[in-house]
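Side chains included, hydrogens not; waters and symmetry mates left out as well; all remaining heavy atoms used. Per chain, numbering begins at 1; letters A, B, ... match sequence-line order.
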Amino acid sequence: MRIATWNVNSLRVRLGHLLDWLKMARPDVVCLQEIKMQTEDFPFDAIGEAGYEAAVYGQKTYNGVAILSKLPIEEVVQGFAGEEGQSRLIEAVIEGVHVISAYCPNGESPRSDKFQYKKRFYAALRAHLDGLGKSSLPLAICGDFNIAPQAQDVWDPKEAAKQCGFHPDELAWLAHLTAWGLHDSLRLVDDKGGQYSWWDYRTGGFRKNQGMRIDQVWVSDGLKNKVKKAWIDTEPRGWDKPSDHTPVLAEIAM
DNA sequence: ATGTCTTATATAATAAGA
């Protein structure tokens with residue numbers, strides 16, 4: 001199963017990119033974040049013509065997540081206890097694998113109230129996994145975590161540690177989440193640093209490759225030994241009018 | 001501090017979120 005995650009930063013604007021990319025990359029499952037539309041506005045027809053079912057949890061203006069799949073989607077659950085009114089999580093079962101698309105809060109700055117929301121969200125996400133069971137469960141949680149796991153995942157770790165995305169507090173929240181029994185799929189197969197999934201529009205970060213690896217595919221203990229490949233596809237970030245994020249993929253033996 | 005992009009309101013600029 002080839003599983004991908006992509007924060008598209010508005011599906012209305014990025015539908016063309018998504019359809020082009022689905023043809024090129026041929027993922028079986030795609031977790032989307034920041035679709036920024038209500039569920040009823042989701043382009044079910046275009047996605048269906050591309051060969052994918054869709055489970056969607058939208059919201060007006062902000063946030064919004066979805067799971068696309070070539071394989072049948074079962075047991076869809078929209079949302080969880082930690083969202084506080086924002087559409088940030090959808091889960092489903094596909095070929096016996098529990099798949100979660102998550103859009104974790106940005107946090108704005110360590111002094112912001114939104115930073116405390118991010119903390120609560122992470123604690124609730126861990127509690128949610130505990131509620132699902134033990135990490136022997138075959139599970140992949142994919143999305144924009146808005147935290148880079150390691151210093152090698154950040155172009156300027158010293159500066160980033162003072163802001164959102166690589167702050168020491170955030171690393172502790174992420175560590176607590178993944179202590180449930182999650183593994184960063186890229187790091188199971190590749191220890192190379194300097195690989196990013198997001199580059200800031202404002203600083204022209206992509207041209208300078210000044211980015212952060214804040215999007216990940218995490219797999220449970222139950223899937224750890226089945227990860228055959230994991231990579232970041234930087235190509236769509238170079239297209240005209242791109243999302244600020246690029247797709248991240250993992251190949252899981254079934 | 002700045003840079004850019006997206007959405008909403010509203011029909012031109014601004015504000016908010018990222």
Side-chain angles (χ1 to χ4, degrees), chain A residues 5-21 31-43 46 56-66 79 82-90 101-122 125 142-149 153-167 169-171 173-174 196-216 232 234-248:
Chain A
T5 185
W6 194 3
N7 178 327
V8 290
N9 185 20
S10 170
L11 184 54
R12 237 183 285 276
V13 176
R14 233 65 66 190
L15 180 60
H17 282 197
L18 176 63
L19 294 173
D20 289 346
W21 186 76
C31 295
L32 299 177
Q33 300 86 37
E34 284 205 272
I35 64 171
K36 294 188 173 179
M37 57 172 51
Q38 290 169 302
T39 303
E40 58 263 39
D41 295 328
F42 189 87
V56 182
Y57 183 38
Q59 177 189 336
K60 196 179 177 187
T61 313
Y62 300 122
N63 311 308
V65 287
E83 295 181 311
E84 304 184 20
Q86 304 185 11
S87 298
R88 292 183 175 274
L89 193 127
I90 187 167
S101 177
Y103 175 46
C104 299
N106 170 285
E108 192 174 48
S109 94
R111 290 154 300 283
S112 168
D113 290 345
K114 292 171 195 159
F115 198 66
Q116 298 309 310
Y117 171 44
K118 189 173 189 174
K119 178 182 185 176
R120 294 193 299 276
F121 185 97
Y122 264 89
L125 192 49
C142 316
D144 176 0
F145 289 84
N146 265 310
I147 301 177
D153 300 320
V154 178
W155 77 275
D156 186 352
K158 216 169 170 179
E159 189 56 36
K162 300 178 205 162
Q163 300 171 20
C164 281
F166 193 61
H167 189 281
D169 292 358
E170 296 178 311
L171 296 182
W173 309 337
L174 181 63
Y196 309 129
S197 65
W198 169 86
W199 298 261
D200 200 329
Y201 289 128
R202 289 170 286 191
T203 53
F206 188 61
R207 289 193 310 278
K208 299 179 265 186
N209 197 29
Q210 298 178 343
M212 297 176 73
R213 191 170 69 86
I214 56 176
D215 305 87
Q216 298 112 30
I232 300 174
T234 56
E235 189 181 328
R237 187 61 178 79
W239 292 346
D240 189 43
K241 290 244 173 196
S243 169
D244 46 353
H245 298 253
T246 211
V248 174

Without hydrogens or angle criteria, can the side chains of W199(A) and N209(A) be said to hold a donor-acceptor pair below 3.5 Å? yes
Distance, rounded to the nearest Å, where K241(A) contributes NZ and dT4(B) contributes P: 13 Å
Looking at CG of N63(A) and CG of L89(A), how far apart are the two atoms once the value is rounded to the nearest 0.5 Å? 11.5 Å
Figure out the CD1/C1' separation between I35(A) and dA18(B), and round it to whole Å. 17 Å
Given the C1' atoms of dA12(B) and dT7(B), what is the spacing between them in whole Å? 16 Å
Is the ring pair W198(A)/H245(A) parallel, tilted or perpendicular, if the boundaries are 30 and 60 degrees? tilted
Please give, in whole Å, the distance from dG17(B) C1' to Y201(A) OH? 13 Å
Do any side-chain nitrogens or oxygens of R202(A) fall under 4.0 Å of OP1 or OP2 in dA1(B)? no
Q163(A) CD - dA18(B) P separation (whole Å): 15 Å
Rounded off to whole Å, could you give me the CG-to-P distance for the N63(A) and dT6(B) pair? 17 Å
Expressed as a whole number of Å, how far does the C1' atom of dA10(B) sit from that of dA15(B)? 13 Å
Tell me what Y103(A) touches on the nucleic acid: a base, only sugar-phosphate, or nothing, going by heavy atoms under 4.0 Å. sugar-phosphate
What's T61(A) touching, base or sugar-phosphate or nothing? Going by heavy atoms closer than 4.0 Å. sugar-phosphate
Send over the distance from N106(A) CG to dC5(B) P, rounded to a whole Å. 18 Å
Let me spell it out: for each of D144(A) and K60(A), pick the nucleotide of DNA chain B with the closest heavy atom. Which residue's pick is nearer the 5' end? K60(A)
Would you check if there is a donor-acceptor pair between the side chains of N9(A) and S243(A) at a distance under 3.5 Å? no
When you measure from the centre of the six-membered ring of Y196(A), is the NZ or CZ of R213(A) closer than 6.0 Å and no more than 45° off the axis? no
Suppose you measure atom P in dA8(B) against the same atom in dG3(B); what distance do you get, rounded to whole Å? 24 Å
Gap in Å between the two P atoms, one belonging to dA1(B) and one to dA13(B), rounded: 28 Å
Can you tell me how far C1' of dC5(B) sits from NZ of K36(A), to the nearest Å? 8 Å
For the rings on W239(A) and W21(A), is their centre-to-centre separation under 6.0 Å? no
Look at the aromatic rings of Y122(A) and W173(A) and report parallel, tilted or perpendicular, splitting at 30° and 60°. tilted
Can you give the dot-bracket line for DNA chain B, where a pair is Watson-Crick or G-U wobble with both atom distances under 3.5 Å, crossing pairs use [ ], and | marks a partner on another strand? ...((((((...))))))
Under-4.0 Å side-chain N/O to phosphate OP1/OP2 contact, T203(A) with dT4(B): no
On DNA chain B, check which nucleotide each of D244(A) and N9(A) is closest to and give me the residue with the more 5' one. N9(A)
Y117(A)/E83(A) under side-chain hydrogen bond (donor to acceptor under 3.5 Å, both in side chains): CA gap, chis, key distance, verdict: CA-CA 9 Å; Y117(A) 171 44; E83(A) 295 181 311; over 6 Å; no
To the nearest Å, how far apart are K118(A) NZ and dG17(B) P? 15 Å
